[in-house]
Amino acid sequence: MLQCIFLLSDSGEVMLEKQLTGHWVDRAICSWFWDQSIAQGDSFKHLPVIASPTHYLFQVNREGVTFLACTQVEMPPLMAIEFLCRVADVLSEYLGGLNEDLIKDNFVIVYELLDEMIDNGFPLTTEPNILREMIAPPNIVSKVLSVVTGNTSNMSNTLPGATGSCVPWRKTDLKHSSNEVYVDLVEEMDATINRDGVLVKCEICGEVQVNSHLSGLPDLTLSFANTSILNDVRFHPCVRLRPWESNQILSFVPPDGQFKLMSYRIKKLKSTPIYVKPQITSDSGTCRISLLVGIRNDPGKAIDDINVQFQLPPRVLSADLTSNYGTVNILSNKTCTWSIGRMPKDKTPSMTGTLVLETGVERLHVFPTFLVGFKIMGVALSGLKIEKLDFKNLPTRPYKGFRALTRSGQYEVRS
C-alpha cells in the first residue's frame, strides 16, 4: 500500500504532493532523498527501491521528472514501480509530453488523474481509454472556458460504463463504421562495441503496439512464428495468461484505440546492421580523427536517419571536422553531430578532421564515446515474425495491417 506520491523536478523542487492514506508523510523525506541523490550521484538515481530511515521509497525518472512513492508497510516493489511507470505514461499522453512546466500548468488535471488511478494507496483505474472518458484531456477550448467560468475541473458527470464490466479497459457498445486493426512491431537495439571493434553486448527491447477500431466485444488471437527467442515478456491486462503459458498465443479482448499489447527483450544477438570504425591519433598538441560508417549486415531494407554523436574531450579547444556525405555540426557545449540520413549505395560515408588541444597538452588521454542512431522500416532485426491474427465475435471480417520498425537505442562505440 502506497502512502504518498511526490513529483520532483530535476532541481529537487517538490512540484506536487499527493497524500494517499490517513497516514501523513512529511515532505522532509524529499529533502533526505535529494541530499542522498547529490551525495551519491547518478548511481543513486538508478536505484528503483531505497530504504530510508523512516520509509521505503520507490522512484522512476522520466525526462527530468522524478516520481517518488513512499510507504512504511511491506508491499510488492514491482507493483509500486509499475504503477509509477503507468502514472508517467498517462501524464505524458495527457499533457503531450512530460516536463516541469507542463505539470505546473496542469495541476488540476494531474490531481484528478491521481484521484482516479489510486484509491487508499492501491492502484484502481490505470487504463488510458477509461480515464479519457472520466477526465477530458486539456485543450485550448477547455482552458478558455475555465478562465471564463472559473470551473477548472475536467471531470465527467457520468461514470464510464466499462467500470462495471468484466473488461474494464474497453468501452461498452462500441460501434465503428469500418472495422480495422493494425499491429506494429517496434524494436530498439542496444549495443556496446569496445575500442577493438568487438561486440560486447547486443540486445533488443521490443513492443507489440496495436491500434484497434473494432465494434462490439471482439476476441482476438495473435500468434508468432518463433516465440522461443523472447525473454522478459510483459503483457497488457487484457491478455489471458493461460493460452500464452501453454501455446505461446496472445488471446485478448482489445481496448479501443492505441495501446501496448506486449513488451519483450531478446538477448545476446551476434551482429549489428551497421559498423562505425573510429580512429584517433594525437601528437604535439594536435589530434587527428577519422570515422567510417557502413553496412555490416544488410537487413534487406533501407537504413535511414543515420547519425553519429559524440562529446569532445574537455582538453580540446577547437575542432575542424568535414565529411564526404551528410552534414557535421559542432554545438557550443562541444557536442558534435554527424547527420548522414539514408545510407548511400555508391560510397562509404567518412568523417575526418583535427582537434586542437590546450596549451601544454601533448596528446589526448580521454577518448570520446560515439552514440549511433539509425532507423529501419519494414523489418524486425530480432527475427520475430507475426504468423497470424484471428478474430471472433465480429459480424464482418475486418481489415488488418502489420508493420515493423527497428531503431537504435543505447548504441555505443568506444574509442
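Closest approach of S212 to D256, counting heavy atoms only: O-OD1, 3.3 Å. Minimum interatomic distance between A319 and L312 (heavy atoms only, all atoms of both residues): CB-CD1, 3.9 Å. Taking each heavy atom of I280 and S415 in turn, the nearest pair found is CD1-OG, 3.8 Å. In plain terms, the two heavy atoms of K267 and N231 that are nearest each other are N-ND2, 3.9 Å. Of all non-hydrogen atoms in E17 and Y111, the two that sit nearest each other are O-OH, 2.9 Å. Closest of all the heavy-atom pairs between V293 and I306 is CG1-CG2, 4.3 Å.
Residues V413 and F310 form no side-chain contact, since every pair of their non-hydrogen atoms from C-beta on lies 4.5 Å or further apart. Contact annotation: the side chain of L222 approaches that of I386 to within less than 4.5 Å [non-hydrogen atoms, C-beta and beyond]. Looking at Y264 and E187, their side chains come closer than 4.5 Å, going by heavy atoms from C-beta outward. Taking 4.5 Å as the limit, some side-chain heavy atom of P218 sits within range of a side-chain heavy atom of R170. Side-chain contact between T125 and L131 is present, with at least one heavy-atom pair separated by less than 4.5 Å. Using a 4.5 Å cut-off on side-chain heavy atoms (C-beta onward), L57 and Q59 make no contact. Two residues are said to be in side-chain contact when any heavy atoms from C-beta on lie closer than 4.5 Å; M377 and L405 meet this criterion. S251 is not listed as a side-chain neighbour of R242, based on a closest heavy-atom distance of 4.5 Å or more.
Looking at K334, its side chain does come within 3.5 Å of a backbone N or O of V316 through a donor-acceptor pair. Judged purely by atom type and a 3.5 angstrom limit, D196 has no side-chain atom pairing as donor or acceptor with the backbone of V198. Put simply, the side chain of Q19 gets close to the backbone of V25: a donor and an acceptor are under 3.5 Å apart. Proximity of a side-chain donor or acceptor of T227 to a complementary backbone N or O of Q248 within less than 3.5 Å is not detected. No donor-acceptor pair closer than 3.5 Å links the side chain of T71 to the backbone N or O of Y56. Between the T192 side chain and the K201 main chain, no donor and acceptor come within less than 3.5 Å of each other. Distance alone, capped at 3.5 Å, places no donor-acceptor pair between the E63 side chain and the G97 backbone. Under the 3.5 Å distance criterion, the side-chain polar atoms of D190 are matched with a main-chain donor or acceptor of Q410. In this structure, the side chain of N297 does not engage the main chain of S271 through any donor-acceptor pair within 3.5 Å. One N or O on the side chain of N324 and one on the backbone of T348 form a donor-acceptor pair closer than 3.5 Å.
Other residues, nucleotides and ligands place more than 12 heavy atoms under 6.0 Å from the CZ atom of R296. Other residues, nucleotides and ligands place no more than 12 heavy atoms under 6.0 Å from the NZ atom of K375. Crowding of R414 atom CZ: a count of heavy atoms from other residues, nucleotides or ligands under 6.0 Å not exceeding 12. Within 6.0 Å of the CD atom in Q258, the count of heavy atoms belonging to other residues, nucleotides or ligands does not exceed 12.
In this structure, the separation between CE on M1 and CE on M79 is 9.5 Å, given to the nearest 0.5 Å. In this structure, R86 CZ and T126 OG1 are separated by 4.0 Å, a value rounded to the nearest 0.5 Å. I266 CD1 to I229 CD1: the interatomic distance, rounded to the nearest 0.5 Å, is 3.5 Å. Atoms CG and CD, on L8 and E100 in that order, are 10.5 Å from each other to the nearest 0.5 Å. For the atom pair SG of C336 and CG of L321, the computed distance is 5.5 Å after rounding to the nearest 0.5 Å. The CD1 atom of I5 sits 9.5 Å away from atom CG of L68, with the distance rounded to the nearest 0.5 Å.
Between R407 and E188 there is a salt bridge, since at least one side-chain N of the basic residue sits less than 4.0 Å from a carboxylate O of the acidic one. With respect to R240 and D219, a salt bridge is recorded, a charged nitrogen being found less than 4.0 Å from a carboxylate O.
Using modelled atom types, one finds a donor on one side chain and an acceptor on the other under 3.5 Å when comparing Y411 with T272. Between N179 and S215, the side chains place a donor N or O and an acceptor N or O closer than 3.5 Å (distance only, hydrogens not considered). Residues S339 and N307 have side chains that never bring a donor and an acceptor to within less than 3.5 angstrom of each other.
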Between K104 and E13, does the side-chain contact (heavy atoms from CB on, under 4.5 Å) criterion hold? Intermediate values first, please. CA-CA 12 Å; K104 288 182 176 180; E13 176 191 358; 3.3 Å; yes

Query raised in the report: When you look at L174 and L214, which way does the side-chain contact (heavy atoms from CB on, under 4.5 Å) test go after all the steps?
Result: CA-CA 8 Å; L174 272 172; L214 302 173; over 6 Å; no

Report task. Walk me through it: do K270 and L199 pass the test side-chain contact (heavy atoms from CB on, under 4.5 Å)? Result -> CA-CA 8 Å; K270 302 298 183 183; L199 186 63; 5.8 Å; no

Full working for side-chain contact (heavy atoms from CB on, under 4.5 Å) between R342 and I303 = CA-CA 6 Å; R342 175 169 291 191; I303 306 177; over 6 Å; no

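For the side-chain contact (heavy atoms from CB on, under 4.5 Å) criterion with F224, the lone passing option out of M262, K385, E387 is M262. Of the listed residues (L185, D184, V181, L389), just one forms a side-chain contact (heavy atoms from CB on, under 4.5 Å) with F402, and that residue is L389. Checked options L124, V87, L20; the residue passing with I118 is L20 (criterion: side-chain contact (heavy atoms from CB on, under 4.5 Å)).
Ring pair H236/F259: centre-to-centre distance below 6.0 Å.
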